[in-house]
Structure formats: structure tokens, C-alpha cells
Amino acid sequence: MSAAADFVSPEELKDRIEAGIPGASAAVTGDGHHFNAIITAPAFRGMSRIAQHRMVYDVFGAELGGRIHALSIQTQPGE
Amino acid sequence: MTDESTNPMREAIETAISENPVILFMKGTPNQPACGFSARTVAILQSLGAPFAAVDILPDPRIRQELSTLSNWPTIPQLFVNGELVGGCDIVTEMYQSGELQHALGLENAPAAETEPEPELAQRPLSIENRL
């Protein structure tokens with residue numbers, strides 16, 4: 001397995017979050033292993049924080065803790 | 001013979017959650033956290049003076065596996081208050097800063113989140129793996 005196939009970019013996470021959560025816009029920073037994502041999505045409105053974070057975790061499934069070593073999340077429903 | 005209805009690990013976790021009003025599943029122990037997210041969560045609870053039980057998930061991989069299945073939450077740490085999952089490090093941090101965590105823990109008079117909490121000495125962790 002090449003290092004390139006393993007490498008995770010903040011852009012990839014941003015694209016996948018935005019594709020996976022309707023109407024989401026994400027700002028993702030990270031070093032290839034640890035990432036920080038701030039996600040705004042109208043879909044979060046009325047949901048508990050737990051439910052909002054689960055929605056984001058569900059985008060990545062088993063990759064969390066593996067290929068994506070750590071992902072910090074802040075969610076907001078937006079205006 | 002296999003009996004799929006018996007899952008001692010799952011039952012030990014459920015018992016620990018039901019017996020402890022505030023319980024943190026973490027990597028390492030409160031005195032020696034093995035991960036920055038666990039360390040931060042411990043430090044927040046300690047800065048509030050909140051008594052909590054702690055379970056180190058590292059000694060047996062089945063602890064984490066069963067816990068995540070039970071809670072439907074993929075990451076560690078996980079904080080439970082009164083049997084309910086409150087969240088991981090990110091949610092605990094947000095709730096601490098907003099004062100919601102103090103409320104959830106019944107600690108309305110706890111110090112406000114003005115400074116970064118410092119880790120302190122803590123009690124011995126529960127050892128789920130030793131209960132089996």
C-alpha cells in the first residue's frame with residue numbers, strides 16, 4: 001500500500017462531508033492524521049449535538065480511528 | 001456451544017454505566033491519560049470538581065468494541081451522565097464553555113470556564129476487564 005493512497009487531505013474530508021450532509025458547508029484543517037472540522041448545515045437544526053456529530057461520523061464510518069486518526073467536530077445549524 | 005444471548009463484556013459495561021451517575025470511558029487513566037482527547041475531558045471534569053468513575057478501554061479491545069456498539073458512538077472518550085451518552089471531547093468542551101456541562105452535572109455553582117483546566121490527581125479507575 002502506498003503512502004499516497006493512505007494520505008488524507010483536509011480537502012477530501014471537506015468534500016465528503018459536504019456531499020454526505022445535505023446543504024452542509026465545512027471548513028476542515030488538519031495534518032493528514034488529526035483534523036478539525038467546523039460544519040454548518042441546516043439539516044442540524046433541531047437535532048441534539050450527539051445527533052449532529054453522529055451524522056458527521058456516519059460519513060466516514062470505520063475510517064474513523066483508522067485512516068482518519070482523529071477528527072474534532074464543531075457543528076452549527078447556521079442562520 | 002455458543003450462547004449469543006450472553007455477552008459478559010456488554011453486561012459489565014451496562015452495569016458500570018447504570019451504577020455510576022457520571023462515568024467516563026477513556027484511553028488510559030485519569031492520572032495517566034493515553035490520549036490528548038481523554039486528557040482534556042478528564043481535566044474539564046476535574047476542574048469542575050465533578051466526581052466521576054473512569055474506565056480505561058485500552059486493556060481489552062472488546063471494551064471499546066462493545067461500548068461503541070452499545071452507544072452508537074465511534075470515538076473515545078465517551079462521557080455518560082445518568083445513563084445517557086453526553087458526548088466525546090468536542091461536545092464536553094463545548095458544553096463546558098457554554099455552562100451546559102455544569103448544569104448537566106448538577107454543578108451550577110462550579111467555576112466558570114475562564115482558563116484551561118489543569119489535570120489533578122484522581123481516583124483509581126474502574127477495571128471492567130477485571131470484572132469478567
Side-chain angles (χ1 to χ4, degrees), chain A residues 6 8-10 12-21 24-79, chain B residues 17 22-28 33-41 43-44 56-58 60-105 113 116:
Chain A
D6 254 3
V8 185
S9 70
E12 178 198 329
L13 298 194
K14 171 183 164 66
D15 290 346
R16 289 177 62 190
I17 290 167
E18 292 181 349
I21 301 175
S25 69
V28 183
T29 56
D31 60 5
H33 302 283
H34 294 77
F35 299 91
N36 205 321
I38 300 172
I39 303 142
T40 306
F44 293 149
R45 198 163 295 140
M47 295 171 70
S48 67
R49 279 200 186 86
I50 293 271
Q52 294 174 7
H53 283 225
R54 277 196 183 115
M55 239 179 133
V56 180
Y57 287 143
D58 285 348
V59 171
F60 301 107
E63 291 171 78
L64 286 172
R67 185 169 169 265
I68 303 167
H69 178 71
L71 173 64
S72 279
I73 300 171
Q74 287 175 61
T75 51
Q76 48 205 30
E79 297 307 313
Chain B
I17 291 171
V22 183
I23 182 167
L24 180 69
F25 292 85
M26 62 181 291
K27 292 182 181 174
C35 157
F37 299 104
S38 289
R40 182 178 183 83
T41 307
I44 287 173
D56 181 2
I57 60 110
L58 294 176
D60 188 330
R62 293 175 303 163
I63 302 175
R64 177 177 187 164
Q65 187 185 331
E66 291 298 333
L67 174 65
S68 286
T69 304
L70 190 70
S71 61
N72 187 24
W73 193 260
T75 57
I76 301 294
Q78 297 185 24
L79 178 68
F80 289 78
V81 176
N82 296 325
E84 294 288 329
L85 176 66
V86 168
C89 180
D90 296 329
I91 288 179
V92 168
T93 301
E94 261 184 63
M95 290 178 69
Y96 172 62
Q97 288 166 348
S98 70
E100 289 165 87
L101 184 65
Q102 293 83 326
H103 183 73
L105 294 169
E116 285 290 302

Per-residue tally against chain A (heavy atom, under 4.5 Å) across B:Gly88, B:Gly36, B:Pro74 peaks at B:Pro74
Using side-chain heavy atoms (C-beta onward) and a distance below 4.5 Å, is A:Ser72 in contact with B:Phe37? yes
When you measure from the side chain of B:Asp90 to the backbone N and O of A:Gln74, does any donor-acceptor pair fall under 3.5 Å? no
What is the ring orientation for B:Trp73 with A:His53, classed by angle as parallel under 30°, tilted 30 to 60°, or perpendicular over 60°? parallel
Which portion of B:Ser68 sits near chain A, non-hydrogen atoms under 4.5 angstrom: neither
Got a second to check how far B:Cys89's SG is from A:Ile73's CD1, nearest 0.5 Å? 11.5 Å
Minimum heavy-atom distance B:Leu85-A:Arg54, with the two atoms named: CD2-NH2, 3.8 Å
Determine whether a donor-acceptor pair (N or O, by modelled atom type, separation under 3.5 Å) exists between the side chain of A:Arg49 and the backbone of B:Gly87. no
More than 12 heavy atoms of other residues, nucleotides or ligands under 6.0 Å from CD of B:Glu84: yes or no? no
Scanning both residues in full, the closest heavy-atom pair of B:Ile91 with A:Ile50 reads CD1-N, 3.9 Å
